[in-house]
Asks: 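So that we are looking at the same thing, I have put the structure below in structure tokens.
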Amino acid sequence: MTDDDQELGITESKSHDTGEWYAEVVQKAGLANYGPEGMSGFIVTRPRGYALWEAVQNALDAKFKETGVQNAYFPMFIPESYLEREKDVVEGFDPEVAWVTHGGHEELEERLAVRPTSESIIAPYIARWVRSHRDLPLRVNQWCSVVRWEATETKPFFRTKEFLWQEGHTAHETDEEALEETMLRLDQYESVYEDVLAIPVLRGQKPPHDKFPGAKTTTTVEALMPDGKSVQGATSHHLGQSFAEAFDITFSDVDETERTAHTTSWGISWRCLGALIMTHSDEQGLVLPPTVAPEQVVVVPIWQADTKEDVLEYAEGVAEDLEEAGIRVELDDRDEHNPGFKFNEHELHGVPLRIEIGPNEVEDGELTLVHRPDGESDVVDRADASGTVRSHLDEIYAKLYAAAEENLDGEIREADDRAEILGTLGRHGGYVETPWCGEEACETEIKEQIAAEIVMVPFEEDDDLLGEDHEETCGVCGDPAERTAYFAKSY
């Protein structure tokens with residue numbers, strides 16, 4: 001079936017068949033298509049979908065550059081010998097690596113990995129560029145795609161074999177500076193989710209057994225989806241000196257003593273778009289916050305033959321005023337579709353605010369504004385249209401954030417024993433907060449029974465189980481608890 005053959009509108013239920021509903025929204029809202037037959041796990045990102053990624057990219061890139069990061073680009077192929085220099089990376093990614101063995105008809109002398117991540121190609125060049133403490137801190141970032149072949153149950157944006165992301169890499173004189181860098185990037189990811197995507201997140205760190213291969217600590221922001229599953233929104237890794245030692249990233253300090261640098265890496269992928277789509281959209285189609293919407297406002301003129309000229313002139317003036325004010329606006333003056341069709345189409349595409357203009361609005365010097373998330377309408381004066389529209393766009397963003405926050409707040413539950421953990425996750429989903437002994441085996445037991453895992457443990461300063469005498473026992477095995485853990489099913 002082609003896109004043109006598909007009926008306008010969403011036919012699947014978000015609450016009853018979330019997966020099918022999500023796939024239908026992605027395709028019918030013009031965000032992506034599945035890749036060619038025989039290439040399972042790949043998608044074609046359409047302009048509307050790519051525009052969402054550009055919005056995230058622009059917001060983050062500005063934050064990065066304000067804090068000393070420079071963009072660069074490294075080869076997509078990594079020699080096998082480079083990967084082997086950091087054994088933890090090889091072991092961590094081995095099932096996911098796609099290998100190139102031939103160039104044309106010639107067999108290569110050394111296999112080349114299609115990058116699953118780029119530490120092993122970036123670190124050797126950081127080692128070349130760093131000689132003295134004066135070269136530090138060094139901060140580089142690249143926007144690129146990576147390939148991880150293990151993905152089987154694929155879902156556009158959430159899990160694909162090739163995906164877009166950014167990966168930042170830094171080198172520092174001290175461990176304290178590297179940790180500060182790690183947390184700075186986590187703060188920026190949290191800000192993008194909450195201030196750009198209208199999605200509240202939980203922040204913390206991965207349990208030791210689930211940290212990035214070779215890392216000292218992996219920090220994360222986690223977003224809860226309406227179906228009760230968690231999304232790993234972005235990660236920032238405090239790598240310590242493991243990569244610096246493997247790739248000889250050293251520098252001369254002020255005393256001319258050679259020292260090993262401390263490094264970080266951090267990244268966000270287009271999985272954030274999957275979170276965006278699933279969090280806000282509904283059974284009429286895509287819902288977008290004004291911050292990322294390709295068109296923030298659509299102006300729909302409604303006329304009869306005898307009023308067409310006046311209505312169109314009025315609508316054109318409104319659209320021009322909004323455009324001059326820097327608002328992304330579309331004037332939908334198509335003759336071949338009636339207003340009802342246009343309303344449905346723009347709702348399907350997620351345009352946050354619709355302005356309806358008919359003869360009455362022209363006569364009274366007014367505008368009818370309709371909010372996409374809930375259909376709320378308001379009749380306002382034509383005067384200062386741009387200021388009024390900006391106020392309504394802010395209100396729409398606040399509505400989306402509040403709804404997502406309410407969902408998150410209602411889906412964090414405490415559990416004190418194994419039966420309660422399993423029962424709560426089985427009935428409700430969401431996050432289950434429980435004391436944890438720190439042993440991976442306890443996570444494995446839950447994962448085997450209900451496909452849930454520890455998605456996050458709070459930072460030490462936020463964990464009530466640390467720094468005080470307590471008698472809590474692990475919610476799974478009953479041994480003394482060392483940390484608080486958040487269990488959830490996840491994408």
Side-chain angles (χ1 to χ4, degrees), residues 68-69 72 74-75 77-97 113 115-133 135-142 144 146 148 165-186 189 204-220 232 234-253 257-269 438-440 454 456-457 459-460 483:
V69 179
F74 295 82
F77 299 124
I78 303 174
E80 186 171 13
S81 59
Y82 277 52
L83 278 180
E84 289 178 346
R85 291 173 67 179
E86 183 31 73
K87 293 182 180 179
D88 287 337
V89 170
V90 177
E91 293 173 0
F93 284 100
D94 187 61
E96 306 178 0
V97 177
R115 60 181 168 223
T117 183
S118 295
E119 278 78 4
S120 296
I121 190 70
I122 293 178
Y125 287 89
I126 290 179
R128 292 189 188 186
W129 301 336
V130 172
R131 289 288 179 266
S132 162
H133 65 94
D135 300 321
L136 298 174
L138 187 147
R139 299 180 175 97
V140 295
N141 173 68
Q142 71 169 350
C144 65
V146 295
R148 297 182 183 175
W165 78 345
Q166 59 75 212
E167 50 182 312
H169 299 263
T170 69
H172 304 266
E173 288 190 61
T174 68
D175 190 68
E176 292 77 11
E177 290 175 356
L179 179 58
E180 288 178 8
E181 181 80 16
T182 302
M183 298 309 297
L184 169 63
R185 303 309 160 194
L186 191 71
Y189 292 141
Q205 58 195 62
K206 290 296 183 181
H209 60 266
D210 195 29
K211 65 186 179 182
F212 182 78
K216 193 172 181 179
T217 304
T218 289
T219 67
T220 182
Q232 179 180 286
T235 51
S236 183
H237 312 290
H238 181 200
L239 299 178
Q241 293 182 306
S242 61
F243 282 88
E245 290 170 350
F247 293 97
D248 196 27
I249 304 175
T250 60
F251 63 96
S252 296
D253 67 11
T257 302
E258 186 174 272
R259 299 190 182 280
T260 301
H262 301 258
T263 66
T264 76
S265 67
W266 24 276
I268 188 172
S269 79
E439 293 297 323
E440 182 179 1
I454 297 173
M456 187 197 77
V457 296
F459 291 117
E460 293 183 2
R483 299 296 305 270

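Source: prediction; values computed, not measured.
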Asks: Say you draw a straight line from CZ of F251 to CG of D135; how long is it, rounded to the nearest 0.5 Å?
Replies: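 If we round to the nearest 0.5 Å, F251:CZ and D135:CG are 10.5 Å apart.
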Asks: If every non-hydrogen atom of Y82 is compared with every non-hydrogen atom of S120, which pair is closest and at what distance?
Replies: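 Nearest heavy atoms, Y82 then S120: CD2-O, 3.2 Å.
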Asks: Would S236 and M183 count as a side chain to side chain contact (heavy atoms under 4.5 Å, CB included) here? Give the steps.
Replies: CA-CA 7 Å; S236 183; M183 298 309 297; over 6 Å; no
Asks: Working to the nearest 0.5 Å, report the span between CD of E180 and CG of D175.
Replies: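 E180 CD to D175 CG: 10.5 Å, rounded to 0.5 Å.
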Asks: Can you check whether K216 reaches H262 side chain to side chain, under 4.5 Å on heavy atoms?
Replies: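 Contact flag for K216/H262 side chains = no.
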Asks: For the residue pair F459 and G204, what are the closest heavy atoms and their distance?
Replies: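 The answer is CZ-O, 3.2 Å.
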Asks: Could you check whether any side-chain heavy atom of T220 comes within less than 4.5 Å of a side-chain heavy atom of Y189, counting everything from C-beta outward?
Replies: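 Not in contact.
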Asks: Is there a donor-acceptor pair closer than 3.5 Å between any side-chain N or O of E80 and the backbone N or O of A113?
Replies: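 No, because the side chain of E80 does not come within donor-acceptor range (under 3.5 Å) of the backbone of A113.
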Asks: So which heavy atom on P79 is nearest to which on F77, and how close?
Replies: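 Shortest heavy-atom separation between P79 and F77 comes out as CD-O, 4.0 Å.
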Asks: Taking K206 for the side chain and D210 for the main chain, is one N or O donor matched with an acceptor at less than 3.5 Å?
Replies: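 Absent.
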Asks: If every non-hydrogen atom of Q142 is compared with every non-hydrogen atom of S118, which pair is closest and at what distance?
Replies: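 Taking every non-hydrogen atom into account, NE2-OG, 3.1 Å.
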Asks: What's the spacing between R85 CZ and L83 CG if we round to 0.5 Å?
Replies: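 Between atom CZ of R85 and atom CG of L83 there are 11.0 Å.
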Asks: Mind checking the OG1-CD spacing from T264 to E177? Nearest 0.5 Å is all I need.
Replies: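 Result: 11.5 Å between the selected atoms.
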Asks: When you compare the side chain of E440 with that of I454, does any pair of heavy atoms fall below 4.5 Å?
Replies: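 Counting from C-beta outward, I454 and E440 never come under 4.5 Å.
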Asks: Please step through side chain to side chain contact (heavy atoms under 4.5 Å, CB included) for the pair E439 and H209, ending with a clear verdict.
Replies: CA-CA 9 Å; E439 293 297 323; H209 60 266; over 6 Å; no
Asks: Do the side chain of R148 and the main chain of P116 share a donor and acceptor less than 3.5 angstrom apart?
Replies: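 A pair under 3.5 Å: yes.
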Asks: Under 3.5 Å, which donor-acceptor pairs do the side chains of residues 124-131 form with other protein atoms, sequence neighbours left out?
Replies:
| unit_1 | atom_1 | unit_2 | atom_2 | d |
| --- | --- | --- | --- | --- |
| R131 | NH1 | A127 | O | 2.8 |
| R131 | NH1 | R128 | O | 3.3 |

Asks: Between atom CZ of F243 and atom NE2 of H169, what is the distance when rounded to the nearest 0.5 Å?
Replies: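 NE2 of H169 is found 9.0 Å from CZ of F243.
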Asks: I want to check something: taking the side chain as every heavy atom from C-beta on, are L184 and W266 in contact at a cut-off of under 4.5 Å?
Replies: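 No; the side chains remain at least 4.5 Å from each other.
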Asks: Locate the shortest heavy-atom distance separating T260 from A244; write the atom from each residue and the value.
Replies: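 So the minimum-distance heavy-atom pair works out to CG2-CB, 3.6 Å.
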Asks: Apply the side chain to side chain donor-acceptor pair (under 3.5 Å) test between S265 and each candidate in R185, E119, H237; give the one that qualifies.
Replies: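 For S265, the side chain to side chain donor-acceptor pair (under 3.5 Å) test succeeds with only one of R185, E119, H237, which is E119.
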Asks: What distance separates T170 OG1 from I122 CD1, expressed to the nearest 0.5 Å?
Replies: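 Interatomic distance, T170 OG1 to I122 CD1, rounded to 0.5 Å: 11.0 Å.
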Asks: Testing the basics here: between F74 and R115, what is the closest heavy-atom pair and its distance to 0.1 Å?
Replies: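 Result for this residue pair: O-NH1, 3.0 Å.
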Asks: In chain order, what residues pass the side chain to side chain contact (heavy atoms under 4.5 Å, CB included) check against T217, with sequence neighbours excluded?
Replies: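 Only Q205, T219, H238 meet the side chain to side chain contact (heavy atoms under 4.5 Å, CB included) criterion with T217.
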